[in-house]
Structure formats: structure tokens, C-alpha cells
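Heads up, the thing below is written out as C-alpha cells.
Everything numeric here is computed off the predicted structure, so don't read it as measured data.
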Amino acid sequence: MEKKLYFGGTVLTMEEPLFCEALLTEDGRILAVGTEEEVRRQAAGAEEICLDGHTLMPAFIDAHSHFSACANAFLQGSVEQARSFDEIAEAIRTYIRENRIPAGKWVSVRDFDPEVLREGRVPDKTVLDQASSEHPIVLQHKSGHVGVLNSLALKMAGIGGDTPDPEGGRIWKQDGEPTGYLEENAFIPVLHRLPPPSGEELMAAYERAQDMYASYGIATIQEGFMSEEMIPVYRELCRTHGLKLDVVGYPGADTGERIYQAFPEAAKGYRDRFRLGGFKMFLDGSPQSRTAWMRTPYKDSEDFGYPVLTDEQVYRSTAMAVKSGRQILAHCNGDRAAKQYLDALARLEREGEDPAAVRPVMIHAQLLGIDQIPELKRLGVIPSFFVAHVYHWGDAHIRNFGAERASAISPAASAGRAGLSYTFHQDAPVIRPDMLETVWCAVNRRTRGGTVLGPEEGVTEEEALRAVTIRAAGQYFEEKEKGSLAPGKRADLVILDRNPLKTEPESLRDLQVLETIKDGKTIYRRKEQMV
């Protein structure tokens, strides 16, 4: 038996009482929490770990991200540091040169964001043609929903002037010819043309992705849209015991049953740290790209965005999940997409089903209307807010919606007042899974440009921490196992350099993760903390 006694700092339990002096673990479970004197009575033979004045709390729980996409991001180039079209072209040229990519081979690059470019707009195919005319190039927006192709990639993808817009997507054209900019269902199929990495490269990327999550204090992560192509990958991860974090997978609703058949044991619970949590569907796009589906048009426009699925498709997927007793997650950024989801759940309720029993989740809920919150409450829907949008794209939302509408994005305080159990996430790899930055965003609601956006929707530090610990555990039906520090729960822990509840709100994102512990074992330790 392996016992560990943590003392000499603050133990933040997310339970009552909120603060304690010591915690004792045994074989990956919490054995005792309380005063140091009380806990030491059960600590005979335990390894003693002095916190040196630091704070121990429950490990963070990722309420929504894309684990495989995070792994694949380590196999792509990035233009995240580029601040102009010329710098984008140069970054891609450098990536091709340093990786010795032969002419004719697809080049995948990610992380462009017009918000940080001097031109303030989306690059087109001519920018990528400057990087190379001999390589088909795909450049992904940070949201993952849209992207740009160079001329050779357009040709190889069969996209020309006479190519129609697909349902739920858009091919941008000028003078009858594609500009290279593609949205949603026009863009996503192009990604499937990219050549897969070798098995060794892929497994190494999954290892790096887990290390990244752990460095942010996260011990449970999500595969937010699991495709059939991932079946052999997860079989290999499970066979080789390649997962050191818990991973909850959500297959696409249209192909999900085949994935459940491939992993029957994972449908019952964790097997080799992997389990299936339900199903996922996309209902619209992203507000910063103006593809989120809105009830009211974007500012100075007649454009409402657009749906990805029909009402009947949404109903069928939702019904399939609810009737099988499995959770359903729906990507809804715009309030019209939110209505489509709520309408499907309400229809099931009228038919005698109980949607609340599966704890349906509304992913992102960026432009969820305040008037829609009572319906979420009635139907038992958990909104998982991408609240860091306030910082990263809040200024874009002001331009796209006007200050009044933009101020209501991620209405966490309103959800809390209505009694909703909401969570927060980062949609990694859209942004890094930095939970402490998210807590800072939720409390301060400050945009990149310095505007305080909708301060009335800000929440307290404690409420923000609950959204990434105990309430996130509840979203996964795991609140009896994770999310707070109590005897019997799993020893998923994080050590911070300071107490977040005793830190000035403006300094919350400066907090440092010193150590992350999964089932009692350290999986990350900040280098300067290592002896």
C-alpha cells in the first residue's frame, strides 16, 4: 500500500469546509482530509510531502476539447506568431524547408487569426501561393471551422469556379473564382485529404498532448468528436497503456454506434483510462468567423450565419441518444442553433422521454440568449461556456454584434442565478487548455483590447473554480469520483503556487501549476520544482 501525506500549505477541497490543513492518499484514493493533527492519526507509514505554503486542490477537468486534434497539432506547422500576411508566408516556407517536405506533398498549417494580423482580414490563396506553388497547402483558422487553401490545394481538392456551396458550408469566390477561403462543410472534407503520420509519430504526438494537458493541471480530458478513423488509434493507445490521463470519448452521432461496437467495455466505464461518454453533433459554426447561426443578423448585415444540420437530423440524433440512455453534446454557438437543440429536447419531452436524465450538454453556448436560460433549466441542459472567448475574440464580437449583444456572450452569471450547473472549457486545440486563464477570463471578462465586456456576467473566483472541478465532474456523471477532495474519491490533484481564492482577480492567470497528480502518481512537475 502506498500512502502519501500532504501538509504544510493550504488544502482547497471544493467541499465543506472549503479549506483544510492536510490530505492523506492511499493507493490512488483520498483516505482523509482535515486538520493536520486529525489526518496524521491515519498516516502511519505514509510518505510525507510538505506543500511549502503552496495550495493543493482537485485536478482540473476538461469539460470539452479535442484530444486527437491536440495531438495532431504537434504534427502541423503553426503561424500563431505571425502578425501579417508576409509573416504567414514566411512561416510556412520555413516549416516546409525545416521539415524537408517534398514538392507535391500536402502541407498542413494551423493557427491563423485575423484578430492579430495587421491586415485585419482573412488571407487568400495568393498569400499561400507566395509560400509555395509546388505544395498543396491547407491553413486552418484557430477555431478549426474555416481555412484557406492555396491554388494547388484547390485544384487537387477539385474546387473551382463552378463548385457549388455544400450544405452547411461556403466557398468564398471573387469574380467567379474561389479565393481559397472555405467555411465549415466546405473546408472539413479537405482535411481528410491530408496524409496520415506514421504510427510512431502519432503515438509520440499523443504523449506530447497529454503532457501539455497535465502541465495545466488537468487529469481528465475529452475526445470531443470521435470519428471512425480514430478506432485503430484508440485500440493502440489502450493496448500499449499509452494513456496516463482519463479520456472520455464522444463519437459523432451519425457513426457513433459503430464506435460503441468497437469498444464495448469502454461503454461500461474506463478501460485503460478510456471510456465512451455519449454522442456529439455540430449545429453551427463560430461567431468570430460569422458562421454561428443567429436569431438576429450580424451587425450591419442581413447574414444570420447558417445551420449544419436540419431540424429533423438534430431531432433524430438527440432521440437516439436520449432513448439509449446516453449523453448528447451539441455544439451551439449561436442562439438560433441553441433553439434548434432545445426544440429537439422539448419534442422528446412531449413524447414522454426525460432528456434531463442524460445530462445533455450545450457546448460553447457563446450567444445563448438570456431568455433561453429558463428552457435549459427546465430540460436539464448543462451549458459549457467557452468563456475565454471574452479575451481572445471579445473585440471581434463587439464588431460582429455590437457592444450590447457582445456583452452577453458566455452568460455564466445569469446561468448561475437561474440555478444551472455550468462548466467552462477551452476547446483545445483552438486555444491551449489553460484553466487558470479561463478562470481569470470568467472573473474579469476583459478583452484582448482591454474592454471589460459584460461585467454583470462575471462570476466569483470560487464559482469559476467550481466550473472546472466539481461541476465539470458532474457533467461527466463522475461527481462521486472526482472534482473535490473528500475521502473515497480518486487522488486527482493539482498543486498551485498560490491560493486562487486569496489572489487578486487580475493576477489569477499568473498562478502557476507546480505539480499534477493522477490517481496518486505525479504526472507533471514544473522543472524548477524538481530536485
Side-chain angles (χ1 to χ4, degrees), residues 77-95 109-131 137-151 154 169-175 177-184 186-187 284-292 294 297-306 333-334 364 366-367 386 388-407 409-410 427 429-432 437 441 445-454:
S78 175
V79 297
E80 189 170 26
Q81 301 305 315
R83 294 296 179 265
S84 70
F85 289 173
D86 286 344
E87 289 181 14
I88 286 177
E90 179 57 31
I92 296 173
R93 280 195 295 270
T94 300
Y95 176 70
V109 189
R110 62 191 318 275
D111 291 331
F112 92 83
D113 184 359
E115 288 300 298
V116 300
L117 297 177
R118 284 194 284 273
E119 292 83 355
R121 56 186 172 86
V122 173
D124 62 16
K125 62 186 178 185
T126 64
V127 175
L128 303 192
D129 288 344
Q130 292 174 35
I137 300 173
V138 179
L139 175 61
Q140 284 182 270
H141 185 274
K142 284 187 72 69
S143 70
H145 286 261
V146 299
V148 185
L149 276 60
N150 71 344
S151 296
L154 286 167
R170 184 182 298 171
I171 300 169
W172 283 70
K173 297 177 183 178
Q174 185 175 14
D175 299 327
E177 290 300 315
T179 67
Y181 182 55
L182 310 177
E183 294 177 352
E184 306 298 337
F187 176 65
D284 69 345
S286 63
Q288 69 271 36
S289 299
R290 298 172 75 101
T291 57
M294 304 301 302
Y298 289 84
K299 184 182 177 184
D300 301 326
S301 167
E302 294 301 317
D303 187 5
F304 290 80
Y306 46 84
N333 263 314
H364 305 329
Q366 280 298 301
L367 280 300
F386 191 171
H389 252 259
V390 173
Y391 174 72
H392 289 275
W393 293 287
D395 299 309
H397 297 332
I398 293 172
R399 291 195 299 273
N400 285 339
F401 300 104
E404 183 177 352
R405 289 171 71 190
S407 68
I409 65 171
S410 294
D427 201 23
V430 173
I431 62 172
R432 293 217 160 204
E437 180 190 67
C441 289
R445 291 185 67 93
R446 191 177 301 280
T447 73
R448 196 191 296 268
T451 300
V452 177
L453 190 59

Classify the side-chain pair [X]/[Y] by whether it contains a donor and acceptor separated by less than 3.5 Å.
| X | Y | result |
| --- | --- | --- |
| Tyr306 | Glu183 | yes |
| Asn333 | Ser286 | no |
| His392 | Glu437 | yes |

Tell me if a side-chain donor or acceptor on [X] pairs with a main-chain N or O of [Y] at a distance below 3.5 Å.
| X | Y | answer |
| --- | --- | --- |
| Arg446 | Thr451 | no |
| Thr94 | Glu90 | yes |
| Asp395 | Gly449 | yes |

Q | Lys/Arg-Asp/Glu bridge criterion (N-O < 4.0 Å) met for Glu115, Arg399 | A |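 Looking at Arg399 together with Glu115, the answer is yes, because their closest N to O distance falls below 4.0 Å.
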Q | Cationic N near anionic O, under 4.0 Å, Glu80 to Lys142 | A |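 Counted as a salt bridge, because a side-chain N and a carboxylate O are separated by less than 4.0 Å.
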Q) Please walk me through it: do Ile398 and Leu453 pass side chain to side chain contact (heavy atoms under 4.5 Å, CB included)? A) CA-CA 9 Å; Ile398 293 172; Leu453 190 59; 3.9 Å; yes
Q.
Below 30° counts as parallel, above 60° as perpendicular, anything between as tilted: where do the rings of Phe386 and His364 land?
A.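 The rings of Phe386 and His364 sit tilted, inter-plane angle from 30° to 60°.
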Taking the side chain as every heavy atom from C-beta outward, state whether [X] and [Y] have any pair of such atoms under 4.5 Å apart.
| X | Y | answer |
| --- | --- | --- |
| Leu149 | Leu128 | no |
| Val109 | Gln140 | no |
| Arg118 | Glu87 | yes |
| Leu117 | Ser84 | no |
| Phe187 | Val148 | no |
| Pro123 | Leu139 | yes |
| Val122 | Phe112 | yes |
| Leu154 | Lys125 | yes |

To check you understand the geometry: which heavy-atom pair defines the closest contact between [X] and [Y], and what is its length?
| X | Y | answer |
| --- | --- | --- |
| Asn400 | Arg290 | OD1-NH1, 2.8 Å |
| Thr291 | Glu184 | OG1-OE2, 2.9 Å |
| Pro287 | Ala292 | N-CB, 3.7 Å |
| Pro429 | Arg110 | CG-NH2, 3.1 Å |
| Gln130 | Ala89 | CB-CB, 4.2 Å |
| Ile171 | Pro178 | CG2-CB, 4.1 Å |

From [X] atom [atom1] to [Y] atom [atom2], the distance as rounded to the nearest 0.5 Å:
| X | Y | atom1 | atom2 | value |
| --- | --- | --- | --- | --- |
| Ile431 | Asp113 | CD1 | CG | 11.0 Å |
| Gln366 | Phe401 | CD | CZ | 9.0 Å |
| Ile137 | Asp129 | CD1 | CG | 7.5 Å |
| Arg405 | Leu367 | CZ | CG | 6.5 Å |

Residues which pass ring pair (Phe, Tyr, Trp, His ring centres under 6.0 Å) with [X], listed by chain and number, not counting sequence neighbours:
| X | value |
| --- | --- |
| Tyr95 | none |
| Tyr391 | Trp440 |
| His397 | His389 |

